Amino acid sequence: MKYKELKERYKNRFSIRMIAGVLCVALIGGSFGIYQLQEGKMMAVQAVVEEDERSAKADDTDTHKKESSKKDTEKTLADRLVSVLDQDTQQNLDAKEETVYLITDANGNVKQTIVSNWLKNGSANAEIKDVSELSEIENVKGDETFTQNGNEIIWQANGQDIYYRGTTTKEAPISEKVTYYLDGKEISPQELAGKSGKVKIRFDYTNHAKTTAKINGKKADIYVPFTVVSGMILKDGFHNVRVNNGRILSDGNKIAVVGVAMPGLKESLDIDENDFDKDFEFPEFVEVTADVENFSLEMTATAAMAGLLSDSELSNGLDFSELDQTLDDMADAMNQLKNGGSELSDGLDTLNDSMGEFSDGVNSLAAGVSAYTDGASKLADGIHTLNDSSGELESGVNTLNASAKTISDGMQKLDQTLHTKMSEKEKSAVKKEVDQTIDAQFQKGTDTYQMIYNTAVQNFESTMTNDTAVSTVQTGIQAGLQAQGLTSEGVVAALAQYYAANGFTDASGQTYSAEACQSNVPGTETTYAAFFANAVLNGGLSSALASGITTGIASQGSSAVGETVTGACKMAAKQAGETAAVSGAESAKQQIAAAIEAKDEKSGHSLVSGTKALSEGTQQLAEKVPTLKNGIGQLVSGADELTGNNAALKSGVTKLSDGAGQISDGAGKLGSGAHELRDGLNEFDKKAIQKMLDAYNGDVKELTERIKEIVRAGEDYRTFGGASDHMDATTKFIIRTDGIKTE
């Protein structure tokens, strides 16, 4: 059964909608933290997106200052997006962290691919063995060397971490297309520069990485679950900014626009959004609109990463053991009901067959009465025995009648109950139960709460205290000195003048007099005073200050970020669970009511009308039993006066024969009703219970298997440029588009 047929027969069925709710919370929850950040924090963290870190030189000109400001903006945006996706999932001390920079034009066409790698040497190994497909490999943070044999690389690490980068022409697994529109018409980036009007910028993503998995015995394409976050910084001239699948943040001077997408997810799940609520959709693109004057754009940045979730994180959301048990119990109960109906039908068939023997006995009795002169005494004994048995027969028929009426009344009441809509009080009770379950899962101290909280805190603290953040703040301190007119050369000159006048004592305790400080360092043209001044300024002062600033931010803000992210996930889970539980209960009642009211084409009866016919048949049978007993009683009286009242005896035999015929008719009707009950139960099982079980064991379980394969595909994607099998590896992609400016 496919989703379209399932939707028509079990519209809004609660189990499918519950799966959808769990899926959205689980997959989108990993990126949801970006929507909860305070607006000011969008500008608080700097990151590295430079084509050549070592080529930048100090320059006091206005041109250099503008270029430096531009790079700062790019770093801020790129690293903020990366921090949303990044998770510290590596468990080993030795690991590889890879960042792929895709430098593109304004439309997203790749011009250059730069791969930056960080080899973490937690075990302080003298050598690090690595695998890389990159070209032009160079060490960017040290002087450690390497040897290379094909793709195998051995670094002489000497206990240190290795930071290196290289280039490649290999196509990335995720690509981006940026399209621009002015007043509803597509326009090139060059033509858009300097224009004014209604501008729309659309980001479309293509997922090129997919695997093949077996789902219910069939091959299916599963895309690597990349979560993509795109963003841009908008300056003066942008008004009425809107974004789909994202959030707009502002500090009063600049506007930051951030959007989230999951390309390939809908195809991996193989579902139709129309099977769910009208406002349910998978985020596959990001679209930004604004009213713009004199359009220009510095750049845009996009971060992408796979494998944000694991099987353990989804285990609670995809546990259907309780639902499995409920459906098994339903199937067992239906089998018992079918067996009971068959036994009742067989018993009534036996009763109906026995009525022929009973009629034959009555006829034999009539013949015996005709020959009473030969066996009057035996006949009287037989009649008394028949009279004694009539009481048991009446009791059995009455019991059967009462049972049939109970079944009929219960079926009528069930039908009436199924047609009664849930009251607001009942709906509130269902929602309350769902909320209590979710509250318990998200309570502080639980695995769910701690997993989300710890992940958010670790991501924030890791971002704020890494070497990149310290280096960027140090750069900011030095830029602040320059803004005050204190250039690096000026500070060095001032310190050198002080040491030349007062002398200097270095870290080892060696003292240099003022006269010694004025002399040159052997082999150079630099005085000792200038040499010591430069060492103090660039040897750790600004670095220590930067480290203190970033550590303070991490310690003060991590707890607030963790609590905000867990609260948002909890709210989303409640909304999905409440809607699924209420609509599922209503839909199930409607399906069962339709099934028990469906009429059989042959008998013209439904399960409801069939049980009523059965009750009426047993009632008729019970009403005829007194007539039979009365005939037998008269027969007894006749037998007692057998020798002197033959006419009365014959009359009693005649009534007995009539009563037997009426009982036979009643037994026939009762048997017919029992057959209808049995057939109705079989039809209900076939059209309702079995179809419900088939739907659950088919589409719903297939959906859960697809989700698990999606998670597995994300976990299996380790590296873009290459990594050795023994080393943990993670990869993130950063796409930076060119800016659009007027000439």
Side-chain angles (χ1 to χ4, degrees), residues 31 33-35 37 39 41-53 67-86 98-116 165 172-180 189 201-206 226-235 238 241 243 245-251 254-263 283 285-288 290 296-306 459 463 466 468-469 472 720 731-741:
S31 300
I34 191 169
Y35 301 141
L37 292 175
E39 296 177 355
K41 292 181 181 177
M42 191 62 189
M43 304 298 176
V45 181
Q46 304 291 315
V48 176
V49 183
E50 297 184 58
E51 297 182 16
D52 192 344
E53 294 175 336
E67 187 66 23
S68 177
S69 176
K70 173 185 173 183
K71 289 188 176 182
D72 286 345
T73 300
E74 295 177 1
K75 295 173 185 178
T76 298
L77 181 59
D79 201 53
R80 181 65 270 166
L81 300 181
V82 170
S83 69
V84 171
L85 297 178
D86 207 2
E98 178 183 65
T99 303
V100 182
Y101 297 96
L102 304 173
I103 313 302
T104 77
D105 62 18
N107 287 117
N109 300 309
V110 177
K111 300 188 297 183
Q112 185 181 18
T113 301
I114 302 173
V115 182
S116 176
R165 68 181 175 188
I174 194 80
S175 63
E176 173 182 272
K177 176 184 177 183
V178 187
T179 309
Y180 304 85
I201 306 174
R202 179 182 173 108
F203 295 81
D204 290 289
Y205 313 95
T206 302
F226 283 102
T227 299
V228 180
V229 181
S230 290
M232 62 184 73
I233 302 296
L234 306 178
K235 298 183 180 179
F238 284 80
V241 181
V243 61
N245 300 325
R247 182 71 183 272
I248 301 170
L249 306 176
S250 174
D251 66 351
K254 299 178 182 178
I255 297 175
V257 182
V258 181
V260 180
M262 297 179 181
F285 66 92
V286 173
E287 192 171 87
V288 180
S296 68
L297 184 65
E298 290 291 345
M299 53 86 73
T300 70
T302 296
M305 191 171 182
N459 288 345
T463 300
N466 62 25
T468 300
T472 304
F720 173 72
T731 301
K732 53 182 173 283
F733 297 85
I734 298 176
I735 305 174
R736 192 202 69 186
T737 66
D738 286 344
I740 303 173
K741 291 186 177 182

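As the structure is a computational prediction, the values presented were derived from the model and not from experiment.
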For residues K254 and I233, report the shortest heavy-atom separation together with the two atoms involved. CD-CG2, 3.9 Å
Taking every non-hydrogen atom, the tightest pair across I248 and V241: CD1-O, 3.0 Å
Is any side-chain heavy atom of [X] closer than 4.5 Å to a side-chain heavy atom of [Y]?
X: I740; Y: S296; answer: no
X: L297; Y: L234; answer: yes
X: P263; Y: T206; answer: no
X: T113; Y: V100; answer: yes
X: F203; Y: T300; answer: yes
X: K177; Y: R202; answer: no
X: M232; Y: E298; answer: no

[X] side chain to [Y] backbone, donor-acceptor under 3.5 Å:
X: N245; Y: V286; result: no
X: S230; Y: T302; result: no
X: Y101; Y: Q112; result: no

How many angstroms lie between atom [atom1] of [X] and atom [atom2] of [Y], to the nearest 0.5 angstrom?
X: R736; Y: L102; atom1: CZ; atom2: CG; result: 11.0 Å
X: T737; Y: I201; atom1: OG1; atom2: CD1; result: 9.0 Å
X: D204; Y: E176; atom1: CG; atom2: CD; result: 9.0 Å
X: T227; Y: I174; atom1: OG1; atom2: CD1; result: 9.5 Å

Verify whether the ring centers belonging to F720 and F733 lie closer than 6.0 Å. yes
Decide side chain to side chain contact (heavy atoms under 4.5 Å, CB included) for I255 and L249; before the verdict, give the C-alpha distance in whole Å, the side-chain angles of both, and the deciding distance to 0.1 Å. CA-CA 6 Å; I255 297 175; L249 306 176; over 6 Å; no
Run S116 and T99 through side chain to side chain donor-acceptor pair (under 3.5 Å) and show every step you take. CA-CA 5 Å; S116 176; T99 303; 5.6 Å; no
Under the ring pair (Phe, Tyr, Trp, His ring centres under 6.0 Å) rule, collect the residues that match up with F238, sequence neighbours excluded. F295
Could you give all pairs that pass the salt bridge (Lys or Arg N to Asp or Glu O under 4.0 Å) test and reach residues 98-107, with sequence neighbours left out? none
